[in-house]
Amino acid sequence: MNLIDGKKVAASVLEEVRKEVLELSTRNIRPGLAVILVGDDPASRAYVRKKKQTSEQLGIFSQSFELPASTTQEELLARIASLNADERIHGILVQSPPPSHIREEEVVLAIDPRKDVDGFHPVNVAKLAMEDPTAFVPCTPLGCCRLLAEAGIETAGANVVVVGRSSIVGKPMALLLMRKGKGGDATVTLAHSRTRNLPEITRRADIVIAAIGRPNFLKKEHISQGAVVIDVGINRIEDPSCPKGYRLVGDVAFEEVAPLCKAITPVPGGVGPMTIAMLMQNTLTACKRTLPG
Ligand code: NDP
């Protein structure tokens, strides 16, 4: 069994980005990322800080806006409008989930698609579906594709089962894998909570991508010998023996599934670190697209 090391792959993506950012700086060009947080959810705040810290380490100009939970829809849209117009900013993202009074669809629509480094704007969703190479692709599925490529996993002709159909992970993951060409050309099945006989379906897969949000959900009866498993899930489970009182587990019961696998990602240290690395890469891409030629 080969353990796919997301930390290592993410570090090499970040190093590639850092070098390109350095090269751009010799031409007085600096990619910029703005991250907006509404409310005081501690996990979201930690994500926002990590994004700012990583940007700064790479030489990316970074702005974060930690707005109170009482921020109105109009105030948030005004902030986005001013960032759309700000030439120093090439990427804008609003940390999810916002408080319940915020209409998220409208917020996504307000972001200039050229600055939509999360890839959630309908223009980018359509571009991905149409295999337009200028699409911004959501960072987590993009990171999964990079992990498969780095681990030398061939997707062409492979039976891939993606479990989960969310707009941020499962659906774009399926679209990426069914694209024509390198890293795609897979035969994709998209499973979800209404899928019948899930173990039967996942057992037919050469590659299983789990994006479910249920701790240790996929067990050994779901996976066939020699399969590749990418575990996107990040679930907190209580564990008084851990300093924080909880630990993180994936959607796959790692201990029992790993021995069956040709390759598998751990949680933590698999897909997680890739998400932020691909965000940095998307921000660099957004900046480069503003350059002449
Ligand atoms: P969502 O809750 O939006 O989607 C979960 C999907 O799983 C849904 O499509 C749901 O089906 C499906 N599902 C739920 N229960 C079952 C079941 N019993 N059998 C089959 N399918 C089921 O979650 P996300 O896509 O946002 O996230 C998924 C996981 O990935 C979470 O653990 C999340 O924390 C993690 N995540 C990790 C990231 C990273 O950076 N590594 C980034 C983003 C997410 P239905 O549509 O029918 O309800």
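Start at 1 and go down the list; that is how both ligands and their atoms are numbered. Index from 1, following the sequence.
- Cation-pi geometry between Arg88 and Phe61 is not met at under 6.0 angstrom from the ring centre and within 45 degrees of the axis.
- One finds no salt bridge joining Lys219 and Glu255 here, because no Lys/Arg side-chain nitrogen approaches an Asp/Glu carboxylate oxygen to under 4.0 Å.
- Of all protein heavy atoms, the one closest to atom 37 (C) of ligand 1 is Val232 O, 3.1 Å.
- Nearest non-hydrogen protein atom to atom 17 (C) of ligand 1 is Phe217 CZ, 3.7 Å.
- Closest to atom 3 (O) of ligand 1, if we only count protein heavy atoms, is Ser166 CB, 3.3 Å.
- Of all atoms in ligand 1, numbered sequentially from 1 with element shown, those under 4.0 Å from a heavy atom of Ile234 are 32 (O), 34 (O), 35 (C), 37 (C), 39 (C), 41 (N).
- Looking at atom 44 (C) of ligand 1, its nearest protein heavy atom turns out to be Val169 CG2, 4.0 Å.
- Both the backbone and the side chain of Ile212 come within 4.0 Å of ligand 1, counting heavy atoms alone.
- Geometrically, Arg289 engages Phe136 in a cation-pi contact defined by less than 6.0 Å to the ring centre and at most 45° from the axis.
- The closest non-hydrogen atom to atom 8 (C) of ligand 1, taken over Met173, Arg165, Arg214, His192, comes from Arg165.
- Ion pairing of Lys7 with Asp5 is absent here, as no side-chain N (NZ or NE/NH1/NH2) approaches a carboxylate O to less than 4.0 Å.
- Inspection of the Lys127 and Thr134 side chains reveals an N or O donor paired with an N or O acceptor under 3.5 Å.
- Taking a cut-off of under 4.0 Å to the non-hydrogen atoms of Gly213, the atoms of ligand 1 that pass are 28 (C), 29 (C), 31 (C), 32 (O).
- If you check the side chains of Asp251 and Asn216, you find no donor sitting under 3.5 Å from an acceptor.
- In terms of modelled atom types and a separation under 3.5 Å, the side chain of Glu131 and the main chain of Lys180 share a donor-acceptor contact.
- Within the 4.0 Å heavy-atom cutoff, Gly170 does not count among the residues contacting ligand 1.
- Under 4.0 angstrom from ligand 1, the non-hydrogen atoms of Ile168 all belong to its side chain.
- Look at Thr195 and you'll find every heavy atom at least 4.0 Å from all atoms of ligand 1.
- For ligand 1 and Thr275, the ligand atoms under 4.0 Å from any heavy atom of the residue are 39 (C), 40 (O).
- Taking a cut-off of under 4.0 Å to the non-hydrogen atoms of Asn235, the atoms of ligand 1 that pass are 32 (O).
- The pair Glu15-Arg18 meets the salt-bridge criterion, with a side-chain N (NZ, NE, NH1 or NH2) lying under 4.0 Å from an Asp/Glu carboxylate O.
- Note on Glu150 versus Arg146: salt bridge recorded, some NZ/NE/NH1/NH2 to OD/OE distance being below 4.0 Å.
- Within the 4.0 Å heavy-atom criterion, the part of Thr140 lying near ligand 1 is the side chain and not the backbone.
- The closest protein non-hydrogen atom to atom 48 (O) of ligand 1 is Ser193 OG, 3.6 Å.
- Close approach of ligand 1 to Gly272 is summarised as follows: ligand atoms under 4.0 Å from at least one heavy atom of the residue are 41 (N).
- Looking at Met274 against ligand 1, nothing comes within 4.0 Å, counting heavy atoms.
- With respect to Arg247 and Asp239, a salt bridge is recorded, a charged nitrogen being found less than 4.0 Å from a carboxylate O.
- Applying side chain to side chain contact (heavy atoms under 4.5 Å, CB included) to Ile36 and the options Ile111, Val48, Ile80 leaves one that passes, Ile80.
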